Amino acid sequence: MDDLVALRDKVAISCNILAIDGHWDNILGHVSARIPGENAILMKPHSYGFEEIRPYHIIKVDLDGNKIEGDYERHSEVFIHTEIFKARPDVNCVIHSHPPHATAFGSLRQPLRPVSHEGSIFHDGLPLFDDTTVLIRTPELGVKVARTLGKARAVLMKNHGSTVVGESVETATLYAIFLEKACRIQLLAAAAGDPTWSSDEEAREKYDQIYTPHRLGSMWDYFVRRAKRLAID
């Protein structure tokens with residue numbers, strides 16, 4: 001299979017997986033992937049929900065935010081993606097969405113703790129972007145998001161949502177799902193009482209035990225099977 005065709009398929013199935021796993025927000029939210037060897041990305045278009053996306057929907061956009069290929073409209077928040085890709089050569093996928101628990105958690109200005117296994121993914125820190133709560137519709141705001149993200153795996157955006165990155169579509173998709181779960185579990189635990197969490201050392205150890213490339217590959221395969229089983233055409 002052509003590499004670009006395969007990448008387009010991955011972006012589409014990532015959208016479908018996110019729709020099932022807590023990231024649905026009508027037509028909002030977007031996934032992008034860097035095209036190897038090009039100053040361009042593949043990206044979910046505007047006006048379609050995550051669950052509707054198929055490979056033919058995916059558009060091609062340059063790193064200045066201009067649509068250069070595809071039949072569908074570009075998201076206005078494209079600059080979240082383009083500016084992160086410019087700032088982070090190690091990142092090959094960016095996911096921005098509005099999952100309810102991560103959005104609620106981001107409004108609290110509290111650190112995410114490794115209350116659950118998933119929380120250990122973010123043991124090195126989960127920054128909060130609070131320069132603004134409006135949409136990121138300019139390169140200048142995109143630069144600020146990228147700067148706040150720094151070297152982290154994700155950034156919460158106050159009263160807005162979350163942005164998660166990874167070295168692949170598979171990794172970023174799983175981290176987006178696991179961030180939402182980590183926020184949900186910490187909110188549940190805090191609502192019920194005074195939660196405990198893993199130490200920094202144990203959080204690092206759990207991350208190395210659970211989220212190895214082999215395990216992440218198996219998890220991705222599971223989520224793909226699940227999305228295809230639940231898909232409605």
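Keep in mind the model is a prediction, meaning the values are calculated, not measured.
- Using a 4.5 Å cut-off on side-chain heavy atoms (C-beta onward), Phe223 and Thr173 make no contact.
- Using a 4.5 Å heavy-atom cutoff, the side chains of Arg109 and Leu128 are in contact.
- Counting heavy atoms from C-beta on, the side chains of Ile35 and Lys60 come closer than 4.5 Å.
- Screening Glu180, Lys181, Gln186, Arg184 for a side-chain hydrogen bond (donor to acceptor under 3.5 Å, both in side chains) with His101, the sole residue that qualifies is Glu180.
- Judged by the 6.0 Å and 45° rule, Lys44 forms a cation-pi pair with Phe50.
- Salt bridge annotation for Lys86-Glu83: present, with a cationic side-chain nitrogen under 4.0 angstrom from a carboxylate oxygen.
- Listed here is the closest heavy atom pair of Ile13 and Ala227: CD1-CB, 4.1 Å.
- Few gaps surround NE2 on His46; more than 12 heavy atoms of other groups in view lie less than 6.0 Å from it.
- Aromatic ring orientation, His96 versus His30: tilted (interplanar angle from 30° to 60°).
- Side-chain atoms of Asn16 and Arg54, non-hydrogen and from C-beta on, do get closer than 4.5 Å to each other.
- Here the side chains of Arg88 and Val165 are in contact, with some heavy-atom distance below 4.5 Å.
- Between Ile84 and Leu149 there is a side-chain heavy-atom pair separated by less than 4.5 Å.
- When side chains are defined from C-beta on, Ser120 does not count as touching Ser198, because their heavy atoms never get closer than 4.5 Å.
- A tilted orientation is assigned to the rings of His98 and His160, their planes being inclined by 30° to 60°.
- Cation-pi geometry between Arg153 and Tyr207 is met: under 6.0 angstrom from the ring centre, within 45 degrees of the axis.
- More than 12 heavy atoms of other residues, nucleotides or ligands shown are found within 6.0 angstrom of CG on Asp221.
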